[in-house]
Amino acid sequence: MTDFANRLISWQKIHGRHDLPWQNTTDPYAIWVSEIMLQQTQVAAVIGYYSKFMTSFPTIADLANATQDEVLQHWSGLGYYSRARNLHHAAQTIMDEHGGQFPQDFDTIQTLSGIGRSTAAAIASFAFHQVQTILDGNVKRVLARHFAISGWTSSPKVEKALWQLAESLLPQSDMVAYTQGLMDLGATICTRSKPKCTACPLVSSCLAQQQQLTAILPTPKPKKSIPEKNTTMLILRQGDEVMLVKRPASGIWGGLWSFPEWDDSVHQDYTAIARNQFGVSTTVDAPLASISHVFTHFKLHIKPQPLSVNQHALQAREANAIWLTIEDALGAAIPTPVRNILLELSSTVAA
DNA sequence: AAGGCGTGGAC
DNA sequence: TGTCCAAGCCT
């Protein structure tokens, strides 16, 4: 056993996290769901979603038998919705091709949609006590500092070196404490800013500490400017109901319900659009305050444009359109800006 | 291989 | 405030 692993394991058992909702179980399903939710998402943001999800879908079979809409509903607001679609699809794969049992073979685990090498290693170590290394943002930061490795840690060259390094450090036992220790150290001690080096079990061998490189490692991702886009969301209203449309299965907010969007760079005759696209007669109301929503790769300026529907239109003319009360819409699989617009609408109505 | 894919915490 | 980036994966 490497000294690195030894010290990490001992530290984790005393100072690590032991009471997160997805710990203290070897149920691969419970661990799997948590690992997917935690991809690129902080623990604090996941906790509420996790318990609700596990209550609604307690087993792989329950998840496989649910509709995609039900699954996305539970993911609404969490982001990266392909995770939910892949999770649902993988549950069906497990039912169809693995007899309903989560596979234990490391390579087979990685064939499931949404599970890459690091997530597979987390599941394999936590659920099956296999000797496989994770390599998430925490581990990259810990290794880049401890071994004074420069270069953006997600560049192919550096990442490959980090995988090899991480493998070389593995213990032959105690994989639960070791894997959790890697994450705990990165999340609570070896943090991006203001790391608590005096409390670190690995400080005595940390090269960044010795060479005073802690503040500049890991090397930050190269900066890139993101484009800005504009869109108008048409809010067709009749009484306390609004119309939502189902977005395409892939792309941003794939499979979620949203307001119909209109590129308003040219046409601004919203009444004509509503008549031509949705077959309803409307009058144009005052637009709501614009919303700016920042994604990883672009910034979206949304102009919410309410339209009052004059005639009875509560039968959706298109298969991908539905009319819902604002209350029901808030419970549907909607992205965050749509939720915020609905909340604004309901407060306006109430006031 | 590089970019698509969400949202919010931390500072 | 804006900036960085988080238990990454997919194409």
Side-chain angles (χ1 to χ4, degrees), chain A residues 16-17 20-23 31-50 72 75-87 89-90 109-126 132-142 152-157 159-160 162-163 166 176 178-188 190-195 218-227 229 247-256 258 291-300 333-340:
Chain A
R17 297 173 290 186
L20 295 170
W22 43 85
Q23 290 184 294
I31 294 164
W32 171 35
V33 171
S34 75
E35 290 302 328
I36 299 300
M37 285 192 172
L38 286 160
Q39 286 172 359
Q40 300 287 280
T41 309
Q42 296 182 357
V43 168
V46 165
I47 287 182
Y49 283 86
Y50 181 76
L72 286 173
W75 217 270
S76 175
L78 194 56
Y80 282 149
Y81 300 97
S82 65
R83 293 183 295 175
R85 302 193 301 268
N86 286 333
L87 187 69
H89 180 250
I109 294 173
Q110 287 181 72
T111 67
L112 296 170
S113 57
I115 300 182
R117 180 171 172 184
S118 188
T119 298
I123 298 169
S125 61
F126 286 139
Q132 298 286 350
T133 188
I134 59 169
L135 187 64
D136 61 7
N138 289 312
V139 185
K140 286 177 175 176
R141 187 171 53 256
V142 168
W152 180 42
T153 55
S154 292
S155 70
K157 185 177 165 187
E159 190 169 275
K160 184 176 181 197
L162 289 174
W163 274 116
V176 173
Y178 179 77
T179 301
Q180 190 64 48
L182 284 174
M183 297 170 171
D184 290 348
L185 192 73
T188 66
C190 196
T191 49
R192 182 160 63 92
S193 61
K194 296 184 183 176
T219 305
K221 172 182 177 147
K223 269 202 283 194
K224 277 176 191 163
S225 59
I226 58 174
K229 302 180 182 178
R247 298 180 59 87
S250 62
I252 197 82
W253 299 332
L256 273 68
S258 184
I291 296 173
S292 292
H293 191 76
V294 182
F295 298 92
T296 311
H297 50 302
F298 66 94
K299 185 171 184 178
L300 184 64
I334 53 173
T336 291
V338 171
R339 175 171 308 279
N340 290 335

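Chain identifiers are assigned alphabetically (A, B, ...) following the order of the sequence lines, protein sequences preceding nucleic acid strands; residue numbering begins at 1 within each chain. In this text the structure is predicted, and so the values were computed from the model without any measurement. All values below were derived from every heavy atom in this structure, side-chain atoms included, with hydrogens, water molecules and symmetry-related copies excluded.
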Student: Think Tyr49(A) has a side-chain N or O under 4.0 angstrom from the OP1 or OP2 of dT7(B)?
Tutor: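 Checking dT7(B) against Tyr49(A), no side-chain N or O comes under 4.0 Å of OP1 or OP2.
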Student: Does Ser113(A) offer a backbone N or O that forms a donor-acceptor pair with the side chain of Asn86(A) under 3.5 Å?
Tutor: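 Looks like no, no N/O pair under 3.5 Å.
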Student: So does Gln39(A) get a backbone contact from the side chain of Thr41(A), meaning a donor-acceptor N/O pair under 3.5 Å?
Tutor: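 At least one qualifying donor-acceptor pair exists.
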Student: Which is more 5' along DNA chain C, the nucleotide nearest Ser118(A) or the one nearest Gln42(A)? Just name the residue.
Tutor: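 Looking at the nearest nucleotide for each, Gln42(A) comes out on the 5' side.
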Student: Verify, without hydrogens or angle tests, whether Arg247(A) (side chain) and Ser258(A) (backbone) share a donor-acceptor contact under 3.5 angstrom.
Tutor: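 No; zero donor-acceptor contacts below 3.5 Å.
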Student: For the base of dG6(B), is there a side-chain donor-acceptor partner from Thr41(A) under 3.5 Å away?
Tutor: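 For Thr41(A), whose side chain was compared with the base of dG6(B), there is a donor-acceptor pair (under 3.5 Å).
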Student: Reading DNA chain C in the 5' to 3' direction, which nucleotide is the first one with an atom under 4.0 Å from a heavy atom of chain A, and which is the last?
Tutor: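 Terminal contacting nucleotides, 5' to 3': dC4(C) to dC10(C).
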Student: Would you indicate what Lys224(A) reaches in the nucleic acid, counting non-hydrogen atoms under 4.0 angstrom: base, sugar-phosphate, or nothing?
Tutor: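 The residue Lys224(A) makes sugar-phosphate contact but no base contact.
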Student: Run through Val139(A), Leu135(A), Thr133(A) and flag the one making a side-chain contact (heavy atoms from CB on, under 4.5 Å) with Leu162(A).
Tutor: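 Filter result, single survivor: Leu135(A).
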Student: Do the non-hydrogen side-chain atoms of Trp75(A) and Ser82(A) ever get within less than 4.5 Å of each other?
Tutor: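 A side-chain contact is absent here, since even the closest heavy-atom pair is not under 4.5 Å.
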Student: Report yes if a side-chain nitrogen or oxygen of Trp75(A) is closer than 4.0 Å to either non-bridging phosphate oxygen (OP1 or OP2) of dC5(B); otherwise report no.
Tutor: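 So the side-chain polar atoms of Trp75(A) never come under 4.0 Å of the phosphate oxygens OP1 or OP2 of dC5(B).
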Student: Take Thr336(A) and Pro156(A), find for each the nucleotide of DNA chain B with the closest heavy atom, and name the residue whose nucleotide sits nearer the 5' end.
Tutor: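 Nearest-nucleotide comparison on DNA chain B picks Pro156(A).
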Student: Quick one: on DNA chain B, does Ser82(A) or Ala44(A) contact a more 5' nucleotide (nearest heavy atom)?
Tutor: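 So the residue in question is Ser82(A).
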Student: Under 4.0 Å, heavy atoms only, any strand: does Val46(A) hit a base, just the sugar-phosphate, or nothing?
Tutor: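 Val46(A): no heavy atom of the nucleic acid under 4.0 Å.
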Student: Can you see if the side chain of His297(A) gets near the phosphate of dG4(B) - specifically, an N or O under 4.0 Å from OP1 or OP2?
Tutor: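 So the side-chain polar atoms of His297(A) never come under 4.0 Å of the phosphate oxygens OP1 or OP2 of dG4(B).
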Student: Assign Leu78(A) to base, sugar-phosphate, or nothing according to its heavy-atom contacts below 4.0 angstrom with the strands shown.
Tutor: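 Leu78(A): base contact, heavy atoms under 4.0 Å.
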Student: Counting just side-chain N and O atoms, does His293(A) come under 4.0 Å of either OP1 or OP2 of dT7(B)?
Tutor: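 So the side chain of His293(A) is within the cut-off, an N or O lying under 4.0 Å from OP1 or OP2 of dT7(B).
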Student: Can you classify the ring geometry of Trp22(A) versus Tyr50(A) as parallel (below 30°), tilted (30 to 60°) or perpendicular (above 60°)?
Tutor: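 Perpendicular: the ring planes of Trp22(A) and Tyr50(A) meet at over 60°.
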Student: Please classify the nucleic acid contact of Gly251(A) as base, sugar-phosphate, or nothing, using heavy-atom distances under 4.0 Å.
Tutor: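 The answer is sugar-phosphate, as Gly251(A) gets under 4.0 Å only of primed atoms, P, OP1 or OP2.
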Student: Please classify the nucleic acid contact of Arg117(A) as base, sugar-phosphate, or nothing, using heavy-atom distances under 4.0 Å.
Tutor: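 Sugar-phosphate only.
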